[in-house]
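Report on the following structure.
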Amino acid sequence: MNTPTTSSVSVIILAAGQGTRMASRRPKVLHTVAGRPMLSRVIDTAGQLEPAAVRVVIGHGAEAVRDTLTESPVHWVTQDRQLGTGHAVDQALPGLPDHAVVLVLYGDVPLVRAETLLPLIRVAESGSLGLLTVNLENPAGYGRILRDATQAVTRIVEEKDASEAERKVTECNTGILAAPCALLREWLSKLGNDNTQGEYYLTDIIAMAVADGVGIVTVRAPDASEVLGANDRIQLAQLERTLQARLVRRLMLGGATLLDPARVDVRGEVSTGPDCLIDVNVVFEGRVVLGSDVRIGANCVIRDCVIGDGTEIQPNCVLDSARLGRDCRIGPFARIRPDTQLADQVHVGNFVEIKKSELGLGSKANHLSYIGDSAVGAGVNVGAGTITCNYDGANKHRTVIGDGAFIGSNTALVAPVEVGPGATVGAGSTVSQDVPAGALAVTRVKQRILSDWQRPKKTQVKNGH
Ligand code: UD1
Ligand code: CA
């Protein structure tokens with residue numbers, strides 16, 4: 001986001017909890033939403049605020065978290081024992097400048113947007129405490145925001161410590177807040193753990209702020225789904241749906257037709273040119289770039305691909321790390337594997353697998369073939385059942401097929417081998433020597449005709465047995 005903040009903002013992300021309810025061996029914050037660990041999404045959002053520092057408090061599974069997100073530009077803080085959210089924030093404060101503003105985020109609340117956080121930072125910059133709240137029909141489990149007769153916030157009460165009347169309050173604490181660093185440091189140093197859970201509650205600083213005459217400004221989350229956390233896999237699935245709805249909405253606003261937006265999943269980044277059409281059960285992974293008028297049929301998985309204008313991917317195809325030109329026709333049931341480049345107007349039909357190969361302009365492999373480690377020129381026809389035998393059991397070898405060559409059906413091309421431009425290979429051949437340009441190679445055994453041949457007859461069995 002290009003809205004740089006004026007003072008220095010430090011973000012503290014809490015991610016030390018165990019997440020028992022995930023029933024997982026993996027730390028909770030490494031569970032993914034739309035293909036990426038929740039924590040890495042939160043780190044990204046923090047980064048959009050252009051903060052001076054991002055500190056992530058880790059504890060349970062700390063090593064796994066650090067190892068998974070090694071590339072992240074953050075400072076890791078270890079909280080050895082999880083004594084509460086207040087204690088966790090306190091662990092991350094040392095060394096942060098007093099004049100800084102601290103924003104507290106959560107590793108398991110991955111969908112909050114930078115736009116929503118900015119007002120909180122502004123509040124803290126003005127010397128007050130900014131609290132992100134949310135109104136929930138079912139507030140169970142959340143801390144409740146308590147207000148006095150003038151509607152001023154007086155404190156937050158955790159559900160487990162709340163009276164029956166207090167539990168009826170539907171204005172809830174999201175946990176996300178921003179405060180001037182010096183004040184936060186002072187309040188946290190005075191925190192006690194005399195409560196039902198015996199924890200140092202971050203939320204207790206609200207009452208301290210009130211006592212100190214520091215203003216408290218609440219910011220209502222524009223949409224409850226944005227501030228929801230994942231405590232168990234059911235909530236994780238709900239977050240996934242929420243984010244998917246956001247991502248596919250972006251595709252549609254960008255000019256793509258989704259025949260059913262609920263049945264397209266984006267686990268990465270997809271960009272589309274005008275008038276793409278995407279059928280149901282399509283999964284995008286990694287970075288996918290679609291040109292204009294690209295059509296993707298039902299049940300396709302497309303990862304890290306660039307697909308040119310007007311190309312059609314028919315149903316049930318799997319494409320991985322490939323570049324496809326314009327006006328190609330792929331599938332149904334084709335598999336395009338990494339390092340494949342198809343020029344314009346290439347046709348790849350059913351049960352064709354292509355790996356680490358280039359196919360030139362207008363070439364066709366329409367049925368039942370394997371093309372691996374090959375350079376195929378333009379205007380080549382690869383007949384049904386053609387196999388490039390690229391592997392000798394130890395090494396991979398290349399096959400080169402020149403422009404305009406015609407490979408008859410059921411040909412085995414034993415690499416390394418080259419078929420020259422304009423050459424023809426007769427159906428059923430096993431080609432192990434280079435074929436010169438324009439020549440015909442046939443390795444088929446000569447056909448014999450036995451005119452007086454008789455088919456075997458069933459032996460007669462007596463007594464009906
Ligand atoms: C907290 C808030 C509650 C709010 C709710 C929103 C407190 C005391 N309560 O409750 O008001 O409605 O979040 O979801 O803050 N964590 C640590 N170290 C710890 C304890 C927690 O890193 O010692 C992390 C957890 O990994 C988690 C987050 O802090 O990501 C929140 O902790 P959790 O125990 O889930 O707090 P809640 O009881 O949900
Ligand atoms: Ca929680």
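Values in this document were obtained by computation on a predicted structure and should not be read as measured data.
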Just wondering, do [Y] and [X] contact through their side chains at under 4.5 Å, heavy atoms?
{"X": "Leu319", "Y": "Ile307", "result": "yes"}
{"X": "Val33", "Y": "Arg41", "result": "yes"}
{"X": "Val77", "Y": "His75", "result": "yes"}
{"X": "Leu342", "Y": "Ile336", "result": "yes"}
{"X": "Leu413", "Y": "Ile401", "result": "yes"}
{"X": "Ile145", "Y": "Asn173", "result": "yes"}
{"X": "Thr78", "Y": "Arg66", "result": "yes"}
{"X": "Gln18", "Y": "Gln82", "result": "no"}

Which atom names give the shortest non-hydrogen contact between [X] and [Y], and what distance separates them?
{"X": "Ala34", "Y": "Gln244", "value": "CB-NE2, 3.7 Å"}
{"X": "Thr272", "Y": "Cys276", "value": "CB-SG, 4.1 Å"}
{"X": "Leu39", "Y": "Val65", "value": "CD2-CG1, 3.6 Å"}
{"X": "Met22", "Y": "Ala230", "value": "SD-O, 4.4 Å"}
{"X": "Gly127", "Y": "Leu183", "value": "O-CD1, 4.0 Å"}
{"X": "Phe284", "Y": "Val270", "value": "CB-CG2, 3.4 Å"}

Q: Indicate the ring-plane relationship of Phe351 and Phe333, choosing parallel, tilted or perpendicular according to the 30° and 60° boundaries.
A: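 Parallel: the ring planes of Phe351 and Phe333 meet at under 30°.
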More than 12 heavy atoms of other groups within 6.0 Å of [X] [atom1]:
{"X": "Arg233", "atom1": "CZ", "answer": "yes"}
{"X": "Leu253", "atom1": "CG", "answer": "yes"}
{"X": "Arg323", "atom1": "CZ", "answer": "no"}

Rounded distance (nearest 0.5 Å) linking atom [atom1] of [X] with atom [atom2] of [Y]:
{"X": "Leu129", "Y": "Ile216", "atom1": "CG", "atom2": "CD1", "value": "5.5 Å"}
{"X": "Arg36", "Y": "Arg267", "atom1": "CZ", "atom2": "CZ", "value": "15.0 Å"}
{"X": "Asp275", "Y": "Ser292", "atom1": "CG", "atom2": "OG", "value": "7.5 Å"}
{"X": "Thr203", "Y": "Met208", "atom1": "OG1", "atom2": "CE", "value": "10.0 Å"}
{"X": "Leu243", "Y": "Ser225", "atom1": "CG", "atom2": "OG", "value": "10.0 Å"}
{"X": "Asp90", "Y": "Leu188", "atom1": "CG", "atom2": "CG", "value": "5.0 Å"}

Q.
Quick check on side-chain contact (heavy atoms from CB on, under 4.5 Å): which of Asn193, Asn195, Ile156 does Tyr201 satisfy it with?
A.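 Going through the options one by one, the only one that passes is Asn195.
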Answer yes or no: is there a donor N or O on one side and an acceptor on the other, between the side chain of [X] and the main chain of [Y], under 3.5 Å?
{"X": "Thr133", "Y": "Cys172", "result": "no"}
{"X": "Asp223", "Y": "Glu226", "result": "no"}
{"X": "Thr170", "Y": "Asn135", "result": "no"}
{"X": "Arg144", "Y": "Ala162", "result": "no"}
{"X": "Gln341", "Y": "Leu359", "result": "no"}
{"X": "Glu171", "Y": "Leu146", "result": "no"}
{"X": "Thr116", "Y": "Ala221", "result": "no"}
{"X": "Ser10", "Y": "Ala52", "result": "no"}
{"X": "Ser8", "Y": "Ala100", "result": "no"}
{"X": "Glu285", "Y": "Gly35", "result": "no"}

(Q) Under the rule for side chain to side chain contact (heavy atoms under 4.5 Å, CB included), what residues qualify as partners of Cys389, not counting sequence neighbours? (A)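 Cys389 satisfies side chain to side chain contact (heavy atoms under 4.5 Å, CB included) with Ile387, Ala412, Val414 once adjacent residues are dropped.
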Q: Begin with the C-alpha distance, continue with both residues' side-chain angles, and end with the deciding distance and a verdict on side-chain hydrogen bond (donor to acceptor under 3.5 Å, both in side chains) for Asn390 and Thr388.
A: CA-CA 6 Å; Asn390 60 330; Thr388 56; 5.1 Å; no
Looking at [X] and [Y], does any basic side-chain N land under 4.0 Å from a carboxylate oxygen?
{"X": "Lys160", "Y": "Glu158", "result": "no"}
{"X": "Glu125", "Y": "Arg122", "result": "yes"}
{"X": "Glu269", "Y": "Arg250", "result": "no"}
{"X": "Arg241", "Y": "Asp265", "result": "yes"}

Q. Which salt bridge (Lys or Arg N to Asp or Glu O under 4.0 Å) pairs, counting each pair once, include a residue from residues 309-321, with sequence neighbours left out?
A.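 Residue pairs passing salt bridge (Lys or Arg N to Asp or Glu O under 4.0 Å), neighbours aside: Arg303-Asp320, Asp309-Arg326.
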Q) Can you pull the side-chain hydrogen bond (donor to acceptor under 3.5 Å, both in side chains) pairs that have at least one residue in residues 345-359, sequence neighbours excluded? A)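 Passing the test, one end in residues 345-359: Arg337-Glu353, Lys355-Asp373.
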**Q.** Donor-acceptor side-chain pairing of Thr218 and Arg147 below 3.5 angstrom
**A.**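 Distance-only check passes for Thr218 and Arg147.
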(Q) The test is side chain to side chain contact (heavy atoms under 4.5 Å, CB included); show your working for Trp187 and Val89 and say whether it passes. (A) CA-CA 11 Å; Trp187 295 328; Val89 171; over 6 Å; no
Q: Test Ile176 against Tyr106 for side chain to side chain contact (heavy atoms under 4.5 Å, CB included), laying out the working first.
A: CA-CA 7 Å; Ile176 294 171; Tyr106 296 80; 3.9 Å; yes
